[in-house]
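What follows is a short report on a single structure.
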Amino acid sequence: EISGEIVKIAYPLDLFEEGNIAQLISSIAGNIFGMRAIRGVRLEEVYFPKEYIKSYRGPRFGIDGVREKLKVWGRPITATVIKPKVGLTAEEYAKVAYEILTGGVDLLKDDENLTNQKFNKFEERLSKVMRVIDRVERETGERKGYLVNVTSETEEMKRRVKLVADYGNEFIMVDILAAGWSALQTIRKIVEDLGLAIHAHRAFHAAFTRNRKHGVSMYVIAKLSRLVGVDHIHIGVPVGKMEAYAKEVLTTERVLVEKEFNPSPGDRLHLKQCWYNIKPVFPAASGGLHPGLLPEVVKLMGKDIIVQVGGGVLGHPDGPRAGAIAVRQAFEAIE
């Protein structure tokens, strides 16, 4: 079907191997992007039939499961990434973690490029942060989690994921686009039995989502991520520092959280999508947020979101604990 610049293409399901995300992407987002005959093409949407959806796991926990882990209901879940992104020792990192978590943040998050550097080794950092979490949970009575970045070569990722479970943490973070879809599928299979939730960082996405006339939309990446089975994923935010369009962010949020997505009136780019057995995914709102922006974020996105505030917490003039307190107070004021 061709309607102006919008083209809809249907394929027989037999052309696709069930449960093979790499084969799917190679087919619908492969060589077409390099064809000399076109100046630009952008994949805005992909519809999954029921038979294909059922060959994937989807999220292990989803929104309800993550809330149950943290015992947080009725408000957004909060997360903070420690700044500077890299450079702190594991000991320094743990000290900042204590300040942030005692201030009321639910989840501590590694940044996308902190993995296993010589100045901050993965297992040492994990061990120290988990000791901090045990202490904070005793002192505050609140559950806490650590979105620890396991991104690496696939076999090393598998080792790190099992290490996370051994230390009693319930969350991992993966740079899903940098690591690759097949690696993500492997990790999703492993966490099924280990009981870990996957936090999906989208580093690298703008290389192909930002050009409005060529590439792949964030909406499609979100759908693929839900299909494979992440539990939360960054989708941007309608306010803040990062390049985003409010309508696109909100549409992407809807396709992550709704059991049956129906396009808004006048939406020519998106199709109805029923998710059947696939659980909803927690959208993570991030990018230049601070406590003063949070009422607007909740007004636009609702409360079933993870709000990740980095510099808006660490940059507080009274320190990171005060920044974390300010975030919680902002949500309490909204309630």
Side-chain angles (χ1 to χ4, degrees), residues 16-27 29-30 55-62 65-66 69 81-82 85-90 93-94 107-131 133 145-205 207-208 221-222 224-234 278 281 284:
F16 299 90
E17 180 185 350
E18 293 181 351
N20 188 337
I21 194 77
Q23 190 264 344
L24 169 69
I25 296 171
S26 295
S27 300
S55 68
Y56 287 86
R57 295 174 182 269
R60 172 72 168 80
F61 295 97
V66 170
K69 278 180 176 293
V81 57
I82 290 181
K85 292 186 175 188
V86 292
L88 297 180
T89 66
Y93 199 89
L107 294 168
L108 183 77
K109 177 186 169 297
D110 284 344
D111 221 320
E112 69 273 11
N113 43 14
L114 179 63
T115 51
N116 188 43
Q117 287 90 329
K118 61 184 179 181
F119 54 82
N120 192 331
K121 304 297 286 184
F122 178 87
E123 186 170 0
E124 183 185 4
R125 181 172 77 253
L126 174 63
S127 174
K128 290 182 181 299
V129 170
M130 292 311 297
R131 286 202 292 270
I133 286 177
Y146 177 27
L147 308 178
V148 56
N149 186 6
V150 301
T151 307
S152 186
E153 180 273 332
T154 306
E155 289 299 322
E156 177 61 17
M157 285 177 67
K158 291 164 63 176
R159 189 191 73 83
R160 292 179 189 178
V161 168
K162 292 173 183 175
L163 199 59
V164 170
D166 289 344
Y167 274 94
N169 192 16
E170 295 187 276
F171 298 88
I172 59 170
M173 185 187 106
V174 180
D175 296 330
I176 61 170
L177 298 174
W181 295 102
S182 297
L184 178 61
Q185 277 192 289
T186 298
I187 297 307
R188 172 61 186 88
K189 183 178 180 180
I190 291 173
V191 302
E192 182 69 28
D193 295 327
L194 295 178
L196 308 181
I198 300 174
H199 181 85
H201 197 287
R202 61 177 186 164
F204 184 51
H205 81 95
F208 41 88
I221 293 171
L224 293 170
S225 301
R226 182 172 181 178
L227 190 68
V228 173
V230 306
D231 296 283
H232 3 116
I233 182 172
H234 291 249
I278 303 293
V281 176

Without swapping roles, check the side chain of Arg226 against the backbone of Val281 for a donor-acceptor pair under 3.5 Å.
no
Is the shortest side-chain heavy-atom distance between [X] and [Y] below 4.5 Å?
X: Met157; Y: Ile190; result: no
X: Phe61; Y: Ile198; result: no
X: Leu126; Y: Val164; result: yes
X: Val150; Y: Val174; result: yes
X: His201; Y: Lys109; result: yes
X: Leu224; Y: Tyr56; result: no
X: His199; Y: His234; result: yes
X: Ile82; Y: Leu88; result: yes

Check [X] against [Y] and note the closest heavy-atom contact, atom names and distance.
X: Thr115; Y: Arg125; result: O-NH2, 2.9 Å
X: Ala203; Y: Leu177; result: O-CB, 3.7 Å
X: Val148; Y: Asp110; result: CA-OD2, 3.4 Å
X: Leu114; Y: Lys85; result: CB-O, 3.9 Å
X: Gly145; Y: Ile133; result: C-CD1, 3.9 Å
X: Gly19; Y: Gln185; result: O-NE2, 2.9 Å

Rounded to the nearest 0.5 Å, what's the gap from [atom1] on [X] to [atom2] on [Y]? Could you check?
X: Arg57; Y: Leu227; atom1: CZ; atom2: CG; value: 12.5 Å
X: Ser225; Y: Ile176; atom1: OG; atom2: CD1; value: 3.5 Å
X: Arg188; Y: Asp231; atom1: CZ; atom2: CG; value: 7.0 Å
X: Thr89; Y: Phe119; atom1: OG1; atom2: CZ; value: 9.5 Å
X: Tyr167; Y: Glu123; atom1: OH; atom2: CD; value: 3.5 Å
X: Phe122; Y: Gln117; atom1: CZ; atom2: CD; value: 11.5 Å

Checking Ala178 now: which residues fulfil side-chain contact (heavy atoms from CB on, under 4.5 Å) with it, not counting sequence neighbours?
Asp175
Note: Lys189-Glu192 ion pair, threshold 4.0 Å (strictly below)
no
Looking at Glu156 and Arg160, is there a salt bridge between them, counting it only when a charged N and a carboxylate O are closer than 4.0 Å?
yes
In terms of ring plane angle, is the pair His232 and Phe171 parallel, tilted or perpendicular, where the classes change at 30° and 60°?
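Rings of His232 and Phe171: tilted, as their planes differ by 30° to 60°.
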Any residue meeting ring-ring contact (aromatic ring centres under 6.0 Å, His included) with Phe16, in chain and number order, not counting sequence neighbours:
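Once residues adjacent in sequence are excluded, the partners of Phe16 under the ring-ring contact (aromatic ring centres under 6.0 Å, His included) criterion are Tyr11.
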Leu196 pairs by side-chain contact (heavy atoms from CB on, under 4.5 Å) with which of Val161, Asn169, Ile187?
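Output: one option passes, namely Val161.
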Without hydrogens or angle criteria, can the side chains of Asn20 and Gln23 be said to hold a donor-acceptor pair below 3.5 Å?
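No, no side-chain donor-acceptor contact under 3.5 Å.
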